[in-house]
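Below is one structure; the comments refer to it alone.
The structure displayed is predicted, hence computed values, not measured ones. The first residue in the sequence is number 1, and the count goes up from there.
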Amino acid sequence: MSAENSATGAGTGTVPNPGTALTVLPPLHCLRLLEPGPPRLAALPTGTPVWLVSRHTDVRQVLTDPRLGRAPLYAPDAPQVTRTPNLLDDPTALLNIDGVEHQRLRRTVQRAFTPRAIARWRPWVASVVDGLIDELLDRGSPADIVAGYTRPLPVAVISRLMGLDHLDTVRLEHWSDHALATTAFTAQEVRAAMREFAGFGAELVAERRASPGDDLVSGLLAAADDTPGITEEQIVTLVIGLVVAGHETTMTALGNALVYLLGDGRDAWLRLASDEQSAAAATEQLLRAVPLGDADVLPGLLRRAVEDIEIGGVRIPAGSVVAADVTAANSDPGVFTGDLLTELFAPLAGSSYTFGAGPHHCLGAWLARMELELALHRLARRLPALRLTAPEDAIDWRRGLLTRSPQHLRVSW
């Protein structure tokens, strides 16, 4: 549930112009990774120089060292790091503030996402999973597993958590795709969608202020009222950020996991059905080894140095932009041995940085894990013969966004 780490055809940003040939994209677990090594100087798509940090230990330093922050990326003298505006670019948002101010805003929502709090949701999430599988079986084989399962599951969960049971899912897709766009839309289209999304957030906040309930938005407002210094703009941005992040990461990770498990990892499918512990171990390995997006779109989690700093024996000057390549770090051979074929059900050999680390560690990490565990275990248990109906190179991918996952995935059983 971290956008840093996430309708109609026009709303997906994936439909090409007539006559345009799309290059065939490999599944994300097949991408060639940056070989871990000392920090090296490269460039962002904007042309801004960036230090790429790829070793496991070095990535942890980037994500936890207070001399490297998110707020400096939006200082008046900061270089351009994105070509198209998106939801991550708001300098007042939780993601882009540091220190005491960040801790104060984060406290307004973090109690809802502790492991203990998430555990209370497990029976209900399991019932949502079973209900979606029931609907798949009722509609019959073949089916689009994205439309029937990987997309509606996290949307249903975050909608329930935030009290949005009547949320227009078509509009949600539209807002989410624009919020996380890189090249899919023009800057004008993104800004227009974000104004509309912010208007939705402001109306929701006003509604819950007038009539609070037992939901995350009402709880956030109550906590904010007890915390001085939090602006209305920050509250609205936090609410719409939770709407997007609350489903995007899980949808992306689940779709990409199924591409692997129904393809190269097919031999593991029946073991996933055996027990939830096996599914939990596999979930951790899949989150570690299968990226959420392409490195050429987002080379890593960005930070900026506020003073000279040494990382991995390399001096990084103050003011430099640094990218923590969590995908490379999650596969660093100095920490992780083997690959998914041999390690899928093994305990992690080291920390995974898919959800980040340090002050900006993803709030919704435990919720995403729980949803993925239940979704994989129960789907494998009830559909042991599930298989792809087309080869992996025929997959229709969502393109032009920070994340990449199947737009459609046809299966049969």
Side-chain angles (χ1 to χ4, degrees), residues 2-5 28-29 31-75 78-79 81-82 88 95-99 102 249 284-340 343 347-362 365 402-403:
S2 173
E4 183 187 13
N5 303 307
L28 286 165
H29 68 272
L31 293 180
R32 294 184 62 183
L33 304 179
L34 179 69
E35 187 70 25
R40 64 203 77 177
L41 197 58
L44 294 172
T46 59
T48 294
V50 61
W51 287 93
L52 295 181
V53 177
S54 55
R55 292 185 297 209
H56 191 268
T57 298
D58 297 343
V59 164
R60 181 167 186 81
Q61 180 183 351
V62 171
L63 298 178
T64 59
D65 195 313
R67 294 172 293 178
L68 293 154
R70 287 288 302 179
L73 290 168
Y74 300 92
V81 295
T82 58
L88 307 187
L95 174 64
N96 296 324
I97 55 178
D98 298 313
H102 172 264
T249 299
E284 293 294 342
Q285 291 287 0
L286 290 162
L287 285 168
R288 174 190 67 81
V290 182
L292 296 175
D294 297 311
D296 57 352
V297 174
L298 184 67
L301 305 184
L302 300 183
R303 302 290 187 267
R304 191 174 181 222
V306 296
E307 61 183 75
D308 290 355
I309 183 173
E310 183 175 306
I311 303 174
V314 176
R315 177 182 171 275
I316 309 293
S320 298
V321 177
V322 179
D325 187 340
V326 298
T327 300
N330 283 347
S331 299
D332 188 335
V335 178
F336 302 101
T337 58
D339 56 25
L340 282 177
E343 301 292 312
L348 290 180
S351 298
S352 169
Y353 297 134
T354 297
F355 294 113
H360 289 282
H361 181 268
C362 176
L402 289 171
T403 56

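Considering all non-hydrogen atoms of both residues, Ala71 and Asp98 come closest at N-OD2, 2.8 Å. Of all the heavy atoms in Pro299 and Leu52, the pair that sits closest is CB-CD2, 4.0 Å. Residues Pro39 and Gly312 share a closest heavy-atom pair of CD-O, 4.2 Å. In terms of heavy atoms, Val290 sits closest to Leu28 at CG1-CB, 4.3 Å. The two residues Ala289 and Pro291 make their nearest non-hydrogen contact at O-CD, 3.5 Å. A pairwise comparison of heavy atoms in Ser351 and Asn330 identifies O-OD1, 4.2 Å as the closest pair.
Contact of the Arg304 side chain with the Pro79 side chain is registered, since non-hydrogen atoms from C-beta on lie closer than 4.5 Å. Proximity of Ile316 to Val53: side-chain heavy atoms (C-beta onward) are nowhere separated by under 4.5 Å. Asn96 has its side chain out of reach of His102: every pair of non-hydrogen atoms, C-beta onward, lies at least 4.5 Å apart. Side-chain atoms of Trp51 and Val314, non-hydrogen and from C-beta on, do get closer than 4.5 Å to each other. Contact of the Pro49 side chain with the Ser320 side chain is not registered, since no non-hydrogen atoms from C-beta on lie closer than 4.5 Å.
Side-chain atoms of Asp58 never come within 3.5 Å of backbone atoms of Pro38 as a donor-acceptor pair (strictly under, hydrogens ignored). Judged by distance alone, the side chain of Thr403 and the main-chain N or O of Leu292 form no donor-acceptor pair under 3.5 Å. Not one N or O on the side chain of Arg303 forms a donor-acceptor pair closer than 3.5 Å with the backbone of Leu68. Put simply, the side chain of Thr354 gets close to the backbone of Leu287: a donor and an acceptor are under 3.5 Å apart. With hydrogens and angles disregarded, no donor-acceptor distance shorter than 3.5 Å links the side chain of Glu35 to the backbone of Ser54. With hydrogens and angles ignored, the 3.5 Å screen pairs a side-chain donor or acceptor of Asp308 with a backbone N or O of Ala318. Side chain of Gln285 to main chain of Glu343: a donor-acceptor pair is present (N/O by atom type, distance under 3.5 Å, no hydrogens or angles). In this structure a side-chain-to-backbone donor-acceptor pair under 3.5 Å is missing from Arg67 to Ile309.
Listed by chain and number, the residues in a salt bridge (Lys or Arg N to Asp or Glu O under 4.0 Å) with Asp325 amount to none (sequence neighbours excluded).
Note that CD1 of Ile311 and OG1 of Thr57 are 12.5 Å apart. Values are rounded to the nearest 0.5 Å. The OH atom of Tyr353 sits 9.5 Å away from atom CG of Asp332, with the distance rounded to the nearest 0.5 Å.
Aromatic ring pairs are classed by plane angle as parallel below 30°, tilted from 30° to 60° and perpendicular above 60°; the pair His56 and Phe336 is perpendicular.
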Inset, instruction - Run the numbers on Leu88 and Leu402 for side-chain contact (heavy atoms from CB on, under 4.5 Å), then give the verdict. - result: CA-CA 10 Å; Leu88 307 187; Leu402 289 171; 3.5 Å; yes
